[in-house]
Asker: 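Handing you a structure now.
Lettering of chains follows the sequences in order, A, B, ..., and the numbering in each one begins at 1.
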Amino acid sequence: MDKTLLSTLRFRLAGWYRANRRALPWRRTSDPYAIWVSEVMLQQTKVETVIPYYQRFMARFPSVLDLAAADLQSVLKLWEGLGYYARARNLHRAAGQVAATHRGVLPGDHGALLNLPGIGPYIAAAVMSIAFGRPYAVVDGNVKRVLSRLFMVDAPVNRHDAYAVFERKAKTLLDPEDPGLFNQAVMELGALVCHPRQPRCVTCPVAAHCRARQAGRVEAYPRRIRKPPVPTRAAAAGVVLKDGRILIVQIPPDGLLGGLWEFPGGRVDAGESAEAACIRHIQKKTGLSVAAAERLGRIRHAYTHFKVVADLFRFEWRSGDVRLDGPVDHRWIRPDALTQYPLPKTHHKFMPLLSGLLA
DNA sequence: AAGCCGGGGCC
DNA sequence: GGCCCAGGCTT
């Protein structure tokens, strides 16, 4: 790209950003740890969703050492509802590593950051540029959308091999004078002006440089490959009652909802009743024999790769001690203690069905 | 290179 | 109901 054009683009973008940026909590600090936490929370998550989580998290864990000293369950409880719980597990583990090997100070070194769990190309570049002022270009969903329109990039943004294409573009555009501001400016432009649908080109500071706009094809970019529709699964979960207490089990740390707690249950096979499936899963996973009492209700929930229709049952314990197969821990708790544990969204949807038990 | 991993808000 | 969001990890 022509050198004069390049500096004009950088200049206009920076000017627009200074005048239009949102006053976000993580923009009032230069603490690398705070920047790091915000970037982890912002993965695949909208700014408005993150703000309250970020504020609670930073109030509770103001430094790397505070986070490293915390137990994972309290971290997951603060993360409850934010999703992608591996982010919380990795952040906690990484804090432990920073405490142990860097004396609690996040290293301003690209390679060292990439070695920490949960820090990939995006967060490494974001922390290096925003917190340390170093020239690393970020490539996120916003950047890919903005660049795909600016240069009419035909590579679909949601294909893995597209990353290298956009990274090259981002590197040539990056303003070495203030990489942190430049990176945030491109992302803010994507968030406030260069929307996925109906972009506000009229107010765009770089519309004059935009090839898609010149071609009248802004809405045709970014290009994207279609994903197949997600399947729906049937599931069942059981509230097992024994002496006024209910059983919850902890989900294994790897995989879906790892580390959270749930009522025992599982998938309903084809041709199987939800109640029979639930009894089968409880027997298999906890070793308990239960007797059916009643069906409390049904909820629906959408995950990234499937949807679930889940029936909730109430059972009375009949016999057996807990012998776990699958879950990594269990508790017999009073119903009013449920809120002390990090639970999946499905279980928050179950709560209204439990009103009789909580009384 | 592709699949897995939450939840919410928008159309 | 599909799409999108300040992605990273695993295989």
Asker: Heavy atoms under 4.0 Å, any strand shown: does A/Gly81 hit a base, just sugar-phosphate, or nothing?
Answerer: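 Answer is sugar-phosphate: A/Gly81 comes under 4.0 Å of backbone atoms only.
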Asker: With rounding to whole Å, what would you report as the distance between C/dT11 and B/dG6 at their P atoms?
Answerer: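 Between the two P atoms, the distance is 16 Å.
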Asker: Atom CG of A/Leu42 to atom C1' of C/dG8: distance rounded to whole Å?
Answerer: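 Answer to the nearest Å: 15 Å.
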Asker: From CE of A/Met128 over to C1' of C/dA6, roughly how many Å is that when rounded to an integer?
Answerer: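 Distance, rounded to whole Å: 18 Å.
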Asker: Using the ring of A/Tyr53 (Phe, Tyr or Trp, six-membered ring only), decide whether A/Arg56 places NZ or CZ under 6.0 Å from its centre and within 45 degrees of its axis.
Answerer: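 Positive - A/Arg56 is close enough to the ring of A/Tyr53 and near enough to its axis.
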Asker: How long is the line joining NE2 of A/His301 and C1' of B/dG6, in whole Å?
Answerer: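 Going from A/His301 (NE2) to B/dG6 (C1'), I get 6 Å.
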Asker: Counting only side-chain nitrogens and oxygens, does A/Arg87 get under 4.0 Å of the OP1 or OP2 atom of B/dG6?
Answerer: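 For B/dG6, OP1/OP2 do not have a side-chain N/O of A/Arg87 under 4.0 Å.
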Asker: Base of B/dG6, side chain of A/Thr45 - is there a donor-acceptor contact under 3.5 Å?
Answerer: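 By the distance-only test, yes, there is a pair.
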Asker: Between B/dG9 atom C1' and A/Ile51 atom CD1, what is the distance in whole Å?
Answerer: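 Atom CD1 in A/Ile51 sits about 15 Å away from atom C1' in B/dG9.
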Asker: OP1 or OP2 of C/dG7 versus the side-chain N and O atoms of A/Gln44: is any pair under 4.0 Å?
Answerer: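 A/Gln44 to C/dG7 OP1/OP2: side-chain N or O found under 4.0 Å.
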Asker: Check whether any side-chain nitrogen or oxygen of A/Lys46 sits under 4.0 Å from OP1 or OP2 of C/dC3, and answer yes or no.
Answerer: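 Checking C/dC3 against A/Lys46, no side-chain N or O comes under 4.0 Å of OP1 or OP2.
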Asker: Give a yes/no on whether any side-chain N or O of A/His305 is located under 4.0 angstrom from OP1 or OP2 of B/dG3.
Answerer: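 No, because none of the side-chain N or O atoms of A/His305 sits under 4.0 Å from OP1 or OP2 of B/dG3.
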Asker: Establish, from distance only, whether the side-chain atoms of A/Gln73 and A/Trp261 form a donor-acceptor pair under 3.5 Å.
Answerer: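 Judged by distance alone, the side chains do pair up.
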Asker: I need the CZ-C1' distance between A/Arg159 and C/dG7, as an integer number of Å.
Answerer: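 Checked: the CZ to C1' distance equals 18 Å.
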Asker: How would you label the contact of A/Leu82 with the nucleic acid (heavy atoms, under 4.0 Å): base, sugar-phosphate, or nothing?
Answerer: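 If one applies the 4.0 Å heavy-atom cut-off, A/Leu82 turns out to touch a base.
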Asker: Show your reasoning for whether salt bridge (Lys or Arg N to Asp or Glu O under 4.0 Å) applies to A/Arg10 and A/Glu177.
Answerer: CA-CA 10 Å; A/Arg10 289 168 175 165; A/Glu177 293 296 317; over 6 Å; no
Asker: Which nucleotide sits closest to the side chain of A/Pro344: B/dG7, B/dG6, B/dA1?
Answerer: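 Side chain of A/Pro344 sits closest to B/dG7.
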Asker: Choosing from C/dG8, B/dG7, C/dC4, which nucleotide comes nearest the side chain of A/Tyr303?
Answerer: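 The answer is B/dG7, which lies nearest to the side chain.
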Asker: Under 3.5 Å, is there any donor-acceptor pair linking the side chain of A/His160 to the base of C/dG8?
Answerer: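 Between C/dG8 and A/His160, which were checked side chain against base, a qualifying N/O pair under 3.5 Å is absent.
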Asker: Could you tell me whether A/Trp36 contacts a base, only the sugar-phosphate backbone, or nothing, with contacts defined as non-hydrogen atoms closer than 4.0 Å?
Answerer: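 It contacts nothing in the nucleic acid.
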Asker: Expressed in angstrom and rounded to an integer, what is the separation of A/His195 atom NE2 from C/dC3 atom C1'?
Answerer: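 In whole Å, C/dC3 C1' and A/His195 NE2 are 15 Å from each other.
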Asker: From C-beta outward on A/Gln43, which listed nucleotide comes closest to its side chain: C/dG7, C/dA6, C/dG2?
Answerer: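 That would be C/dG7.
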Asker: Is there a donor and acceptor pair, one atom on the side chain of A/Thr49 and one on the base of B/dG8, closer than 3.5 Å?
Answerer: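 Between B/dG8 and A/Thr49, which were checked side chain against base, a qualifying N/O pair under 3.5 Å is absent.
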Asker: Want to settle it: does A/Arg197 or A/Leu343 sit nearer the 5' end of DNA chain B, counting the closest nucleotide to each?
Answerer: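 In this pair, the answer is A/Leu343.
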Asker: Take A/Thr45 and A/Arg87, measure what side-chain hydrogen bond (donor to acceptor under 3.5 Å, both in side chains) needs, and give me the verdict at the end.
Answerer: CA-CA 12 Å; A/Thr45 311; A/Arg87 295 184 294 176; 3.2 Å; yes
Asker: Rounding to an integer number of Å, can you tell me how far A/Ile225 CD1 sits from B/dA1 P?
Answerer: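 So the CD1-P distance, A/Ile225 to B/dA1, works out to 12 Å.
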Asker: With a cut-off of under 6.0 Å to the ring centre and 45° to the axis, is A/Arg211 in cation-pi contact with A/Phe151?
Answerer: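 Output no; distance or angle outside limits.
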Asker: Does A/Lys227 have a side-chain nitrogen or oxygen under 4.0 Å from the phosphate oxygens OP1 or OP2 of C/dC3?
Answerer: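 It does not, given that no N or O in the side chain of A/Lys227 lies less than 4.0 Å from OP1 or OP2 of C/dC3.
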Asker: Using ring-ring contact (aromatic ring centres under 6.0 Å, His included), reason through A/Phe57 and A/Tyr54 one step at a time and then give a plain yes or no.
Answerer: CA-CA 5 Å; A/Phe57 197 94; A/Tyr54 172 83; 8.3 Å; no
Asker: From C/dG2, C/dC3, C/dA6, pick the nucleotide closest to the side chain of A/Lys307?
Answerer: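 Closest nucleotide among those given: C/dG2.
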Asker: For residues A/His301 and A/Tyr303, establish whether the separation of their ring centroids is below 6.0 Å.
Answerer: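 Distance test on ring centres: under 6.0 Å, yes.
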Asker: I'd like the P distance from C/dC9 over to B/dG8, given in whole Å.
Answerer: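 So the two P atoms sit 24 Å from each other.
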Asker: When the C1' atoms of B/dG7 and C/dT10 are considered, how many whole Å apart are they?
Answerer: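 Between the two C1' atoms, the distance is 22 Å.
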Asker: For the side chain of A/Tyr122 and the base of C/dG7, is some donor closer than 3.5 Å to an acceptor across the two?
Answerer: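 Per atom types, no contact qualifies.
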Asker: Which nucleotide in the set C/dA6, B/dG8, C/dC9 lies at the smallest distance from any side-chain heavy atom of A/Arg22?
Answerer: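 For the A/Arg22 side chain, the nearest candidate turns out to be C/dA6.
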Asker: How far, in whole Å, is C/dA6 from B/dG3 if one measures between their C1' atoms?
Answerer: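 To the nearest whole Å, 22 Å.
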Asker: Rounding to an integer number of Å, can you tell me how far A/Arg89 CZ sits from B/dG6 C1'?
Answerer: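 In whole Å, B/dG6 C1' lies 12 Å from A/Arg89 CZ.
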Asker: With DNA chain C as reference, determine whether A/Arg27 or A/Asn90 sits nearer its 5' end, using the nearest nucleotide of each.
Answerer: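 Comparing both residues, the 5'-ward one is A/Arg27.
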Asker: Would you say A/Arg145 reaches C/dC4's phosphate, i.e. side-chain N/O to OP1/OP2 under 4.0 Å?
Answerer: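 Answer no for this pair, as no side-chain N or O of A/Arg145 is under 4.0 Å from OP1 or OP2.
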Asker: Nearest to the side chain of A/Leu256, heavy atoms from C-beta on, is which of B/dG6, B/dG7, C/dG2?
Answerer: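 Comparing B/dG6, B/dG7, C/dG2 against the side chain of A/Leu256, the answer is B/dG6.
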